[in-house]
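Below, each value reflects all heavy atoms present in this structure, side chains not excepted, and no hydrogens, waters or symmetry copies.
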Amino acid sequence: MPKPKTSIHIRMFALAAILLLAGASQSMAQQKLQFSIADFHDDLTALTAREGSPYYRVHPGTGRAYAIVKVRSNNPNDDLRQFQFDFGLVKHEVVEAVDDELWLYVAPNAKNVTISRQGYQTLRNYDLHTTIQSEHTYELRLQVAAAPVYQQILQFTIQPVGVGATVMITPSDGREEKLGDADVNGQLAKSLPLGTYTYRVLAENYHTSEGTVVLRQQNQTYKESVTLRPNFAAITLSVAADADIFVNGERKGHQQWSGNLRAGQYTVEVRQEKHKPATQVIVVEENRPQTYQLTPPTPITGTLQVTSQPLGARVVVDGQERGVTPLSVTGLIIGSHQLELHLQNHKSESQRFDIKEDDTTPIDIKLSDIARMTIKSRPAGATLTIDGRSVGQTPYAADMASGDYDIRLVKPGWHDYQRRVHLDSSSPEVTLSLNRQYQQPSAFYFQAGMQAGTMMGISATVGAYISGVNLEAGYTLGLDKSEDIFWNYTGQDDQRPHLCQYKPSAMTVRAGYGIIFGTRLRITPQVGASILQIKSDDSKTNAVSATFGARADYALASNIGIFAAPEATFAVKKGETFKLLEPVSSKIKGWDTGFNLRAGLTLFF
């Protein structure tokens, strides 16, 4: 049964559509770039193609001279060798590019040229608008559309991070170049033209990692992860000596060094001044930590033999006591050393000496019992007497023999120092301390304090000592008050009783003699006379008393102290009003006779 015509028509339409799409696709696929001739002209000034020029050339068939056409491109990086030239029936030869030009040797009479290049539309039968002539030089400048370059981002992630990795990249032309250094996170990203690349990842103390990447998708990031394999080990080197550590001749540290070394064999040397270096070979294996306790350098030594006159002196070498003379000290490192000899009652001696390798240095020293003795005092400036002879003031220095001496130090304001002192030539300096004498036989003072006893009061006293003799005057303001007392006055118009209250005060003079005990305490027995005055708003009266007591002063510092003064008073004379008031006031009766105690602060100069 025959098929309907409609089905045939549908199949024909579909086939036509497929062919149309294929043609369009092929047309798009064959779309090419363009170029054009921007300029062509005869360079009349150029002599390049003329006879006599090194570039002059003749056509071997016709015997006529060639013309030279210098081809240039607007893109200085363009490869002019990719262009093909056809001058029709006119022969031509292509010469390798000179600088940024491509030279063509063209036979005369050419009027048109066809230029082609793969990937570009062909320029056919271009009219040169002239006829090429022998020995002429022409310039042909091409305007070339640049081919689009499609790129893709290539991102490297390198482990471990922070090793200073560098990525080298090689494109298809085979010329390797540096892509860049990884950042602190081991990341590196660059945009590259599409294509195939080989790479190498380099890092100190790590094996080189190699690979290949193909960039073909410009809208996506190509990510390449690289894990470097270590080519080192963590090594610790230490030595129990004051020495420097060298690895393959390079100083690494002092006494100890820790770090990474690439796998391999190393020469480790330990160096110390005045020692023979110690050398050993270590083998570092990849990724295998190791600790080495290095052999210390061997000291270069000699011997010291020391004697003294007299024998038995203590020997000190470089601050370290070694024994007594006669003495041999072995194992001393070569070089300069300090020797000291000490013997009781003899002057200490010291000198420097040199030790040589495997040699003996002999030293003999005579010790003297006479030395430059120095006598100091605290404080300085005291008058010094030695064995009864005044020699001046401290500090004092003189050549003296070891022995015992009677020493006396005198300084105003300080206790005399007097005792027998042993001076030793082995310790020629002695410092003697004086005690401060705060209490002096002659002084002026002011005292303020409180009084308790016959009456309460505030006291103030001024006085002086002259070679121990004491004179002072004091005033006491009483704080007590008498009872209320009523006076009846007769023979006056106003005979009403008057209310009175009496307040006491006293003026006292005293004399005595101060006795100093030690450096701070003075006791002064005193006798004196006191005038006691009692006073109210209407009247006043007084009583005279004799005083017997003592005062104790204790110095706290150079000019300040405390005092306490117990004292007994006895009334020897009373005013008439005083006598009338005593029977009616128990307080007034007790103010003129009894026991008092004053205490307070003292300022003395």
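- Put simply, the side chain of T476 reaches to within 4.5 Å of the side chain of M455, judged on heavy atoms.
- D183 contributes a side-chain N or O that, together with a main-chain N or O of N185, makes up a donor-acceptor pair within less than 3.5 Å.
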Would you check, one step at a time, whether the test side chain to side chain contact (heavy atoms under 4.5 Å, CB included) holds for I407 with I386?
CA-CA 5 Å; I407 303 294; I386 302 176; 3.8 Å; yes
Criterion salt bridge (Lys or Arg N to Asp or Glu O under 4.0 Å) on R551 and E472, from CA distance to verdict:
CA-CA 11 Å; R551 189 181 72 253; E472 71 176 27; 2.8 Å; yes
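- Within the 4.5 Å cutoff, side-chain heavy atoms of Y554 are placed close to those of I562.
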Salt bridge (Lys or Arg N to Asp or Glu O under 4.0 Å) evaluation trace for E321 with R314:
CA-CA 7 Å; E321 190 163 332; R314 290 187 300 112; 3.1 Å; yes
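- The side chain to side chain donor-acceptor pair (under 3.5 Å) check on Q320 picks up nothing, with sequence neighbours excluded.
- Looking at every heavy atom in both residues, T454 comes nearest to G590 through CB-O, 3.4 Å.
- Residues I516 and P441 form a side-chain contact, since some pair of their non-hydrogen atoms from C-beta on lies under 4.5 Å apart.
- For residues 249-258, every residue pair satisfying the side chain to side chain donor-acceptor pair (under 3.5 Å) rule, not counting sequence neighbours, is listed here: T236-S258, D242-H254, D244-R251, D244-H254.
- For the ring-ring contact (aromatic ring centres under 6.0 Å, His included) condition, no pair includes a residue of residues 358-389, sequence neighbours left out.
- Side-chain contact between S308 and L343: absent, with no pair of heavy atoms (C-beta onward) separated by less than 4.5 Å.
- Not a single donor-acceptor pair under 3.5 Å links the side chain of T385 to the backbone N or O of G388.
- The closest side-chain heavy-atom distance from T295 to Q280 is below 4.5 Å.
- Using modelled atom types, one side-chain atom of D387 and one backbone atom of D406 make a donor-acceptor pair closer than 3.5 Å.
- L341 approaches A313 most closely through the heavy-atom pair CB-CB, 4.4 Å.
- A donor-acceptor pair under 3.5 Å is absent between the side-chain atoms of K535 and the main chain of Y502, judged by distance alone.
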Run Q501 and S482 through side-chain hydrogen bond (donor to acceptor under 3.5 Å, both in side chains) and show every step you take.
CA-CA 6 Å; Q501 248 187 355; S482 68; 6.0 Å; no
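- With S377 contributing its side chain and L432 its backbone, the two residues share no donor-acceptor pair below 3.5 Å.
- Stacking of R271 on the aromatic ring of F246 is recorded, both the 6.0 Å distance cut-off and the 45° axial limit being met.
- Residues L188 and D181 have side chains not in contact (no heavy-atom distance under 4.5 Å, counting atoms from C-beta outward).
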Under the salt bridge (Lys or Arg N to Asp or Glu O under 4.0 Å) criterion, do K366 and E349 qualify, and how do the steps go?
CA-CA 9 Å; K366 184 176 181 179; E349 297 290 345; over 6 Å; no
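- Judged by the 6.0 Å distance and 45° axis criteria, R389 is not positioned over the aromatic ring of Y396.
- A cation-pi arrangement is not found for R262 relative to Y206, the charged atom failing to lie both closer than 6.0 Å to the ring centre and inside a 45° cone about the ring normal.
- With D318 contributing its side chain and Q338 its backbone, the two residues share a donor-acceptor pair below 3.5 Å.
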Check against salt bridge (Lys or Arg N to Asp or Glu O under 4.0 Å), K574 and D592
CA-CA 9 Å; K574 302 177 182 180; D592 61 342; 3.3 Å; yes
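- A donor-acceptor pair under 3.5 Å is formed between the side chain of R520 and the backbone N or O of L556.
- Summarising the geometry of A555 relative to Q439, their closest heavy-atom pair is N-NE2, 3.7 Å, with the distance given to 0.1 Å.
- Put simply, the side chain of T394 gets close to the backbone of A382: a donor and an acceptor are under 3.5 Å apart.
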Check the pair T303, T360 against side-chain hydrogen bond (donor to acceptor under 3.5 Å, both in side chains), reporting the backbone distance first and the verdict last.
CA-CA 5 Å; T303 301; T360 298; 4.5 Å; no
From CA spacing to verdict: side-chain hydrogen bond (donor to acceptor under 3.5 Å, both in side chains), S336, R352:
CA-CA 7 Å; S336 180; R352 296 200 69 80; 2.9 Å; yes
Starting from the C-alpha separation in whole Å, work towards a yes-or-no answer on side-chain hydrogen bond (donor to acceptor under 3.5 Å, both in side chains) for S348 and H342.
CA-CA 5 Å; S348 297; H342 303 281; 2.8 Å; yes
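- Under the side-chain contact (heavy atoms from CB on, under 4.5 Å) criterion, K276 pairs with T298, I300, E357, sequence neighbours left out.
- I370 places none of its side-chain heavy atoms less than 4.5 Å from the side chain of M400.
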Start with the C-alpha gap between L339 and V306, add the side-chain angles, then the distance that decides, and say whether side chain to side chain contact (heavy atoms under 4.5 Å, CB included) holds.
CA-CA 9 Å; L339 170 67; V306 56; 4.0 Å; yes
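- The backbone N or O of G528 sits less than 3.5 Å from a side-chain atom of T547, completing a donor-acceptor pair.
- When each of N559, T461, N470 is checked for a side chain to side chain donor-acceptor pair (under 3.5 Å) with Y445, only N470 meets the rule.
- Under the 3.5 Å distance criterion, the side-chain polar atoms of H415 are matched with a main-chain donor or acceptor of G518.
- In this structure, S530 and A506 approach most closely via the heavy-atom pair OG-CB, 3.9 Å.
- For D416, the side-chain contact (heavy atoms from CB on, under 4.5 Å) partners two or more places apart in sequence, or in a different chain, are R408, V410.
- For the pair I355 and I333, the minimum side-chain heavy-atom distance is 4.5 Å or more.
- Taking the six-membered ring for Trp and the full ring otherwise, the centers of Y465 and F444 sit at least 6.0 Å from each other.
- Closest heavy-atom contact between G381 and Q393: O-NE2, 3.5 Å.
- With sequence neighbours excluded, no residue forms a salt bridge (charged side-chain N to carboxylate O under 4.0 Å, His left out) with D354.
- Nearest heavy-atom pair, P297 versus Q272, reported as atom, atom and distance to 0.1 Å: CG-CB, 3.8 Å.
- In summary, the side chains of R378 and S433 do present a donor paired with an acceptor at a separation below 3.5 Å, with no hydrogens or angles considered.
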